[in-house]
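Following: one structure in structure tokens, then a few remarks.
Residue numbers begin at 1 in each chain, while the letters A, B, ... track the order of the sequences.
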Amino acid sequence: MDDVTDGNSTEILAVLLLTRGMHFASVFVLFGSALYWLVMPDNFPRARRATDQLLRMAAPTAAISGVGWLCAIVANMAGGLSAVIEPETLSLFFFQTQFGPVAALRVALLAGCVVAALWSGRGRLWLIANLALGALLLVDQAWLGHAAEGGAGLKGALMIGVYCIHVFAAAAWLGGLPPLLFTLRDARESGEAKARRLTIDVLLRFSVMGAVGVALIVVSGIGNGAFRVGSSFAILLKADYGDVLFVKAALVAAMLGLAACNRFIALPRLRLAPADAQQTARLHVSVAIELVLGLGVLAAASVLGITLPPQ
Amino acid sequence: MKKIVCALLAGGAGFAAVTGAFAHALLDHAVPGVGSTVQSSPRELEISFTQNIVASFSGATLTTADGAALAAGKGVVDPSNPSALRVPIGHALKPGTYVVNWHVVSVDTHHTSGSYKFTVAP
């Protein structure tokens, strides 16, 4: 007999799933949406204001869901939600594990998110603060996940580095989609030739970001995969894990397809056509669908995080 | 189709797509072995996992086949092999079948648990 389970109750799994998904989504927004306006020309004041509001919602959401996620991790380890309020368990978690200091740093970063949300400014410094918080939270997470498995040597450093590249690229792409949507809405409602030109400029810049992001995701994904399973990728297809992975793969493939259509079909049409709100409207819908698919990818990632891998 | 898409995914088309794979400490082997029969009572249980584990949230208990708990020492992680849990038994086991119930947290924070049997021969 050799029975193995992931050792979690349904309640803990539900909390892990919910908090992890919300946390990743909000941190992706902090990083990607802030990066968008640091890279793009600030010619769309309404879109920028909408992004500011989104960032001010994302920061406290990241803080609340981040604390919830840490609580769920503690409950998961200790075998019950009540462990979250036990001083002894918390002491073990923060002071007797290798990831305790990482978790403590994360709590400080989450407090920083609250400060960022309350910060009255909205200039570049504020955007940089949001970007930095998002980046640090993404990096910190590496030591709370599988990348920590590599240890302190060169392999460990490589695993952490590859993981960081992967999540940075993904966050830049997915987190950049909401401000892109806001920009397209502005352009669509304005309908002016100048706005159209500015939109094309923004789309071209975003497509460059997207191309670099996808390349980094692919390369770092190969690295991640190699670290995990060597050449035995087939084992990933087994059991429930493989099913979720398949759904996630299909969603990513659909996202890539839409992004390619936007770049190589919709954008050239927009450049050639006379001022036509229809073209912008189609792009708007396409990017919105891409964003919804991206949220699906994040949801699938959350499910994978709590699914026992094939043995 | 599933294989093609997942191969693409393994190539990196998904956000940290494969990063969750094997991110759990699973039972690799044990001494006494899983399902094995030993001729004399072991002094300790040695349970090795597929990943390094965290001592403060890992342990194992020993019961008879019908579920009666037996005293056993606190499990410690082997300093020379951080993926192995050693549990001193501290007393001789009578001939019979025993169940080891283990629970561990891997260094990447995942919790797993399980059980296996071994037998001490008459």
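Of the two parts of A:Phe24, neither the backbone nor the side chain holds a non-hydrogen atom closer than 4.5 Å to a non-hydrogen atom of chain B. Looking at A:Ala103, there are no atoms closer than 4.5 Å to chain B (heavy atoms on both sides), in backbone or side chain. Interface remark: A:Gln98 contributes side-chain atoms only to the contact with chain B (heavy atom separation under 4.5 Å). Of the atoms belonging to A:Leu92, heavy atoms from both backbone and side chain fall under 4.5 Å from chain B.
Taken from CG in B:Asn81 to CZ in B:Phe49, the straight-line distance is 11.0 Å, to the nearest 0.5 Å.
The aromatic rings of A:Phe168 and A:Phe31 lie parallel to each other, their planes meeting at an angle below 30°, with 60° marking the opposite boundary.
Side-chain atoms of B:Ser83 and B:Ser48 form no donor-acceptor pair, as typed in the model, at a separation below 3.5 Å.
Ranked by non-hydrogen atom pairs under 4.5 Å with chain B, the options A:Thr97, A:Leu216, A:Leu251, A:Val74 are led by A:Thr97.
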After noting the C-alpha distance and the side-chain angles of A:Thr19 and A:Ser65, does the key distance pass the side-chain hydrogen bond (donor to acceptor under 3.5 Å, both in side chains) rule?
-> CA-CA 5 Å; A:Thr19 53; A:Ser65 59; over 6 Å; no
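Residues passing the salt bridge (charged side-chain N to carboxylate O under 4.0 Å, His left out) test with A:Glu11, sequence neighbours excluded: none.
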